[in-house]
Number of protein chains: 2
Amino acid sequence: MRVTKAQAEQNRAHIVATASRLFRERGYDGVGVAELMAAAGFTHGGFYKHFRSKADLMAEASASGLSQTVARTEGLDPAEFVERYVSREHRDGRGDGCTIAALGGDAARQPADIKTEFAAGIENLLTALQSQSDTPGDADQRAARMMVIDMLAHSVGAIMLSRACPDGAPLADEILDVCRKEILASLAQGNSDQPAARSPET
Amino acid sequence: MRVTKAQAEQNRAHIVATASRLFRERGYDGVGVAELMAAAGFTHGGFYKHFRSKADLMAEASASGLSQTVARTEGLDPAEFVERYVSREHRDGRGDGCTIAALGGDAARQPADIKTEFAAGIENLLTALQSQSDTPGDADQRAARMMVIDMLAHSVGAIMLSRACPDGAPLADEILDVCRKEILASLAQGNSDQPAARSPET
DNA sequence: CTTTTTAGATGACGATCGTCATCGTATTGC
DNA sequence: GCAATACGATGACGATCGTCATCTAAAAAG
């Protein structure tokens with residue numbers, strides 16, 4: 001039963017979106033093609049009319065998820081980003097959360113095309129964050145990039161560490177609370193123009 | 001062909017060590033029982049004489065890898081730890097590196113017993129790091145714990161982010177270099193007794 | 001020494017995996 | 001309106017998955 005060209009394109013997008021969520025929840029190896037298509041409301045047959053292989057979909061779903069994270073970050077200053085990122089809500093919502101935090105560990109074991117998507121996604125996220133960092137100068141541009149790189153790694157590490165703990169474990173929440181506080185503190189310190197900073201102890 | 005009781009115990013330990021390495025390199029789902037036993041020098045048959053299931057071995061291999069990381073960390077002060085942890089050698093040596101960085105993302109999707117092993121491993125690592133942090137007092141004990149939690153999450157995030165980039169990508173090295181410098185700087189700052197710290201710009 | 005036990009090898013099981021062949025049907029291009 | 005096209009459904013393929021049954025021979029128990 002053939003469908004409209006627009007409908008087919010919409011179905012394809014829906015498959016990618018479903019895959020992006022399922023992969024984040026269960027990992028690339030944790031969900032098969034048949035189950036994935038069923039979750040999107042189809043049978044497994046039509047899969048290869050849309051994608052050349054599962055690896056192809058993995059790359060596309062990763063790119064889609066990374067773009068989503070970048071889009072949601074645009075307009076947020078670093079402190080706002082940290083407040084939302086290093087939170088219990090984000091930790092407990094893998095499927096709807098950051099693709100880097102959910103699949104970064106898996107991406108390291110995947111072929112080059114997927115890692116390339118991740119590097120591009122990270123770069124885009126850095127740009128989005130840096131653009132909301134109030135730094136006009138030229139040497140400040142490099143300092144701002146270093147700051148957002150450091151902050152992103154810090155935030156990603158906090159989420160991954162917290163997620164590796166059993167549900168409800170005190171350590172899981174402790175990691176999140178300690179890291180959020182420290183990251184925000186280092187942001188407040190780094191915001192001043194000179195390294196000799198006053199830290200007004202919010 | 002039966003073997004000595006001591007030999008069997010040694011074989012079992014060898015299987016666990018092999019599994020710990022292979023899981024770190026390819027993930028829990030990336031290596032099957034048969035391939036794992038072959039890598040250890042056996043056939044798949046004897047597996048269930050040693051372990052009740054693959055999930056059981058996953059938990060045991062995780063605990064083994066985590067203990068190894070803790071053992072290698074004991075005696076290192078936080079700065080020494082960071083120098084070794086946030087390095088290209090560590091990033092490129094998954095199979096021999098930290099289990100938290102290699103499997104932390106996968107552990108989040110595993111049953112509770114594995115996550116419990118990870119939480120215990122993290123706690124032991126925190127204790128080892130905190131014991132080498134020169135802080136005698138009582139309030140300082142809590143501050144030192146917060147410091148090592150933050151430092152560990154920061155370091156883990158740096159490695160995972162760098163590993164998600166393609167081999168040889170400039171961004172991969174940049175992340176490592178920026179984060180190592182920043183983590184060491186925040187250690188130097190946090191070492192002073194009062195939050196109003198002088199930062200001597202090493 | 002005899003009997004019992006068990007580590008490990010061999011082989012097979014049902015299930016699931018990614019992928020492909022075939023077909024029907026509804027939408028395109030003419 | 002007719003012919004060509006292609007989305008999606010159905011079904012099956014070989015391979016691999018975790019697990020178990022059976023067999024063996026040598027170590028442990030008596």
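Sequence lines set the chain letters: A, B, ... in the order given, protein chains first and strands last, and positions in each chain run from 1. Since we're looking at a predicted model, the values are computed, not measured.
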Is Arg84(A) atom CZ crowded by more than 12 heavy atoms from other residues, nucleotides or ligands, each under 6.0 Å away?
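Atom CZ in Arg84(A) is not packed in, count stays at 12 or less.
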To the nearest angstrom, how far is [X] atom [atom1] from [N] atom [atom2]?
X        : N       : atom1 : atom2 : answer
Leu36(A) : dG8(D)  : CG    : C1'   : 16 Å
Gln10(B) : dA27(D) : CD    : C1'   : 16 Å
Met37(A) : dC7(D)  : CE    : P     : 12 Å
Phe47(B) : dA12(C) : CZ    : P     : 22 Å
Lys54(A) : dT16(C) : NZ    : C1'   : 11 Å
Asp29(B) : dA15(C) : CG    : P     : 20 Å
Phe51(A) : dC7(D)  : CZ    : C1'   : 13 Å

Please determine whether any donor N or O and acceptor N or O are separated by less than 3.5 Å between the side chain of [X] and the base of [N].
X        : N       : value
Lys49(A) : dG8(D)  : yes
Arg2(A)  : dT28(C) : no
His44(A) : dG8(D)  : no

Mind checking if Tyr48(B) touches a base, just sugar-phosphate, or nothing, with heavy atoms under 4.0 Å?
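Counting heavy atoms under 4.0 Å across all strands, the contact made by Tyr48(B) includes a base.
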Output the single nucleotide from [options] whose closest atom is nearest the side chain of [X].
X        : options                 : result
Asn11(A) : dC7(D), dA9(C), dG18(D) : dC7(D)
Val3(A)  : dT19(D), dA7(C), dG8(D) : dG8(D)
Ala8(A)  : dT19(C), dA7(C), dC7(D) : dC7(D)

Which atom pair, heavy atoms only, marks the closest approach of Asp77(B) to Gln132(B)?
CA-CB, 3.7 Å
When you match Thr4(A) and Gly32(A) each to their closest nucleotide on DNA chain C, which lands nearer the 5' end?
Gly32(A)
For a quick check under 3.5 Å, do His50(A) and Asn11(A) share a side-chain donor-acceptor pair by atom type?
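Not at all, the side chains of His50(A) and Asn11(A) share no donor-acceptor pair under 3.5 Å.
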When you measure from the side chain of Thr127(A) to the backbone N and O of Glu123(A), does any donor-acceptor pair fall under 3.5 Å?
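Judged by distance alone, yes, a pair lies under 3.5 Å.
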On DNA chain D, nearest-nucleotide positions of Glu35(B) versus Arg52(B): which is more 5'?
Glu35(B)
Between Lys5(B) and Gly45(B), name the one whose nearest nucleotide on DNA chain D is closer to the 5' end.
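Counting from the 5' end, the first nearest nucleotide belongs to Gly45(B).
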Check this for me, if you would: do Asp173(A) and Arg88(A) make a salt bridge, where the nitrogen-to-carboxylate-oxygen distance has to be below 4.0 angstrom?
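Salt bridge flag = yes for Arg88(A) with Asp173(A).
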